Structures are given as structure tokens and as C-alpha cells.
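Comments concern the structure below.
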2 protein chains.
Amino acid sequence: MQIDQHSLVDLAVAEIQRLIYVGELAPGENLREERLSNLLGISRPPLREALRVLAHKGIVEQLPRRGARVVKLSAKQVDEIYSLRQALERFALESAFPNPDAQSLINMNTALEIMTKAAEQSDHSAIVRANRDFHVALVDLARHERLTKTYLELMDQMQLCMSDNLRTETRTVGDYMAGVKRHRVLLEAIENGNAADALEALANHGERATLSELYSDH
Amino acid sequence: MQIDQHSLVDLAVAEIQRLIYVGELAPGENLREERLSNLLGISRPPLREALRVLAHKGIVEQLPRRGARVVKLSAKQVDEIYSLRQALERFALESAFPNPDAQSLINMNTALEIMTKAAEQSDHSAIVRANRDFHVALVDLARHERLTKTYLELMDQMQLCMSDNLRTETRTVGDYMAGVKRHRVLLEAIENGNAADALEALANHGERATLSELYSDH
DNA sequence: TTAGAGTCAATGATAGACAAAAGACACTCA
DNA sequence: TGAGTGTCTTTTGTCTATCATTGACTCTAA
């Protein structure tokens, strides 16, 4: 058995992403190396490696001699992320049929159940998590490792605006339930083996518009 | 005017990729830090940052306590890269119509010209370069920065097998010209604004089969 | 031949140091 | 008063030195 062997770099990457997600590091904020390395309790070299990785992931941007800062997405960039995301999901569905991965179907169902309960309680952060799990499972239907990897990367970038989303959250239970229903329609089409319907449902999924609206003033 | 300010890390990343591409670092080869840092004339810290970046790019894999080695792609992985690539190109075309980027169209034409001449002279490495330029320009038709970035990343991974490809090269001028012709058909469909034909041409592009065959024994 | 112990080499991480460059600040001159 | 300039400080980019940890290898002994 292989024990988890995470280097400090991996831990730092995860921790910084978490700090961004919970809002302790805001988009646009300057990440000074000494401060961050003290905060995380590590020395500069591994922190610098972590920042490089984050920069490559598009979470952070590095300006020569001016250090790193948390990326602040423009409306156009959010739009691009969502359109690319949808293209990847469409490709996943097309590849998945006619033999979608069984375990992933189970995972989609589980995520949908959690999402339903969370929606009834207006537990926004649980909805966001379940939503993520649902879509990752959808992509996994295709059993395409590289696709999954690319998709996860995109999801990480999306998390940048999720914390904004948490702050500006003003939805009602009705809005949430509508979202859940859209997911249910999509999942049912997949389970029925109806590729055309599933793709149609995906095209009408319509999260993109609502989310990019939040960014219209950026 | 902004002078190019490349850190040693950036230079190291580029140089290591070049060394892999020209075959001086072979897939599967172990990359010892001290040896490489001496070779590149830099110290270990920036080299380690470069290796992290390359690992994240999928060019190199890092095993805990066992260092980094050049990734050796399996047939399945090559297949995945090509299928994902085609999905991205399809999305690019769909997004590009009805207003493809004018400059990118020019770039495609330029690349095709170069490819044609290179094919006549069986200059394989020039063909590979022109091929890359052609496809990058195709994706750029969509003016979608994140898509372009994702696509370039995939191209870098593909370069891993290109050097293999160079070694096992046994094609004739006829094969090359057939490839050039496929590209020309595709470009003409795009220039005629015929989206359906372009997508059809892309689907029949058929580089994937020939290339994955090279990997059938991996 | 093979199992086990000991040795060696490489990685993962730290600390300290320093040059170079960017930004901040005050100062001069118009 | 305001623009331009020069200095100072801070931070990054990089190097060197060092050390613990752990894989890998080798050598010995059963």
C-alpha cells in the first residue's frame, strides 16, 4: 500500500487554492513570497514552485520582478471558460455513448441526490460542490483521462469566480430547484441511452448565462 | 517597448522541451537534477521549478523521491490526445463561423504554402512545423484565448511522440502530398464559409489513425 | 541463489546571502 | 505648483551550502 506522499509543494498548491476559494486571498491580491511562506510555514523555494504551478494552472499570474497575484477574471474570460467547458462536456457525452461508464452514472445519481437536498435547504456551498461532482462524473462517463484532466483544470479556474458567486448570492429556493431539475433531465436522458436528448439537454443547460451576468460589470 | 524578460525557469523549460524534441532526452529517461542543472548552467532551485512546470504540462512525470523522467506515452494516451485535439478543433471551427479571424486565415494560407513546398522536398521536419502552424492558426480562427492555450498545451504533449515519429519516418512524397491535399480541402471549405463542409473535412482529416499506428506496440 | 543489512546517491527541504529591478519617496528646478 | 530626476527601500530572482530522508545498489552470509 502506498501512503499519501504529498510534497510541501503539493500541499502549498492545495492550501493556496483553498485560501482563495474561502476568500482569504482575494482576486487581484498580491502574493508576497516571504509573507506567504511564513503563513504556510514553509521556506521560499517550495512556495515558489507552488506559485509556478498555480500560475500554470491559471489561478495566479506572475509578472516579472513584481511577483504573483491572484487572477482576476474578466467577463470575457469567464465566458470563455464556460463555453470551453460546455464543448468538453459535449465531447464527453458523444464519446461516452453507447457505453457510458457505470460507476460514473452512479456518481452522477449520488451528486444529484445531494444537490436536491441541498437545494431544499438553500445550502449554496453544498449545491456548488454537488454541482461540481455531477459535472465531473458526467465527463468521466467517457473514460477519457486526458479529457478529465483538462476539465478538472478548467473547474479549478472556475472556482476563482465561485467565491465571488458566494458573496453575491441572492437566489431563491425556486431558482435552485430549477437548476436541479435541469440536471435531472440531463441525467435521465443519459440513463435512457438517448444521446440526442442528452446533448439537447446539455445545450439548454443554461448555467453559463446566469453566471456570466455576474461578471458583466468587470 | 517591453524587452523580453525570461527568467531562468522559463528558459530551462523551453530548453528541456527542445532537448526532448531533438531526441537528446529520450522518453523514459531519468532527469537527474544535478546533471541537468550543470548541463543548463543553472542552479538546482530554478531547475526544480522548471521540472514542476514541465510535470504540470504533462511533458515530465515526477515520482516522489525518485525524481523526474520524460513521459513515455502509451498508445491509449496518444489516442486520447488526438481525439481531444480533434474535439477542440471542431469547437474552434464551430465558434469561428460565421466570422473567422482574418489574420488567422492568412496564417493558415502561409502555413499551407510552406507545407506544400516542404512536401515536394520531403522535408519532414519542415512539414511537421508547418502542420503545427496550420492547426494552431485554425484554432485561432475562433479568437478564443483559453481554447488556444489549452490547444497549445496539447500540442506540446504531442511533440513527445513527434521525435519518435521522426525516427520511424518512412513516408513517400505521395503520402506527404495526400496530407497536404487534405489540409487544402479543409482550408478551402473554411474560406468559402461553408461550415458543414469544413467540419466534414476536419472529421475526415485522418491523421490520427496513421499516427497511433506507430504506437500500437507500446 | 537469495535474503538481509549496510552503503551510497539523489531528492526534498532549509537557511542565508546578494545582485538587480521595481516602486516609493523626496528633492530639485522650472 | 508641478514635472522630472535621483536616491532609498523592498522584493524578487538566483546561488551556495547544508542536511535529513529514502530509493537503489552492493556485498555478505546462510
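Note that the structure is predicted; figures quoted are calculated from it, not measured. Order of the sequence lines sets the chain letters (A, B, ...), proteins ahead of strands, with each chain counted from 1. Side chains are part of it too, since the values below use all heavy atoms of this structure and drop only hydrogens, waters and symmetry mates.
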query = How many Å lie between CZ on B:R32 and P on D:dC25, as a whole number?
reply = 12 Å
ask   = How long is the line joining CD of B:E34 and C1' of C:dA9, in whole Å?
value = 10 Å
note = Value for CG (B:L8) from CG (B:L47), rounded to nearest 0.5 Å, stands at 10.5 Å
message = Can you tell me how far apart CG (A:L186) and CG (A:L138) are? Round to the nearest 0.5 Å.
response = 5.5 Å
message = I need the B:R44 CZ to B:E34 CD distance, nearest 0.5 Å.
response = 7.5 Å
task = Using the six-membered ring wherever Trp is involved, compare the ring planes of B:Y176 and B:H124 and label them parallel, tilted or perpendicular (cut-offs 30° and 60°).
result = tilted
key: Within residues 38-57 of chain B: residues closer than 4.0 Å to DNA chain C (heavy atoms)   = B:R44, B:R48
note = The residue among A:L202, A:V139, A:L88 that forms side chain to side chain contact (heavy atoms under 4.5 Å, CB included) with A:L93 is A:L202
key: Side-chain donor-acceptor contact under 3.5 Å, B:N107 with B:S104   = no
remark   = When rounded to the nearest 0.5 Å, the distance separating CD of A:E49 from CG of B:L51 is 8.5 Å
Inter-residue atom distance B:M158.CE - B:Y151.OH, 0.5 Å rounding = 5.5 Å
query = Going through the checks in order, is the side chain to side chain contact (heavy atoms under 4.5 Å, CB included) test met by B:I16 and B:V70?
reply = CA-CA 10 Å; B:I16 293 172; B:V70 181; over 6 Å; no
Kindly give the atom pairs (protein nitrogen or oxygen, nucleotide nitrogen or oxygen) under 3.5 Å for nucleotides 4-7 of chain C.
none

key: Spacing between A:L36 atom CG and D:dT10 atom P, to the nearest angstrom   = 19 Å
message = Determine whether B:K76 and B:E80 satisfy the following criterion, salt bridge (charged side-chain N to carboxylate O under 4.0 Å, His left out), listing intermediate values before the conclusion.
response = CA-CA 6 Å; B:K76 176 165 179 279; B:E80 286 190 357; 3.2 Å; yes
ask   = What is the distance from atom CG of A:N109 to atom CD1 of A:I114, rounded to the nearest 0.5 Å?
value = 11.0 Å
Separation of atom CZ in A:R35 from atom P in D:dT10, rounded to whole Å = 16 Å
ask   = Rounded to the nearest Å, what distance is computed from the CG atom of residue B:N30 to the P atom of nucleotide D:dC25?
value = 10 Å
Tabulated below should be each protein N or O lying under 3.5 Å from an N or O of nucleotides 21-25 of chain C; please produce it.
| from | atom 1 | to | atom 2 | distance (Å) |
| --- | --- | --- | --- | --- |
| C:dA22 | OP1 | B:Q5 | NE2 | 3.3 |
| C:dG23 | OP1 | A:R66 | NE | 3.3 |
| C:dG23 | OP1 | A:R66 | NH1 | 2.2 |

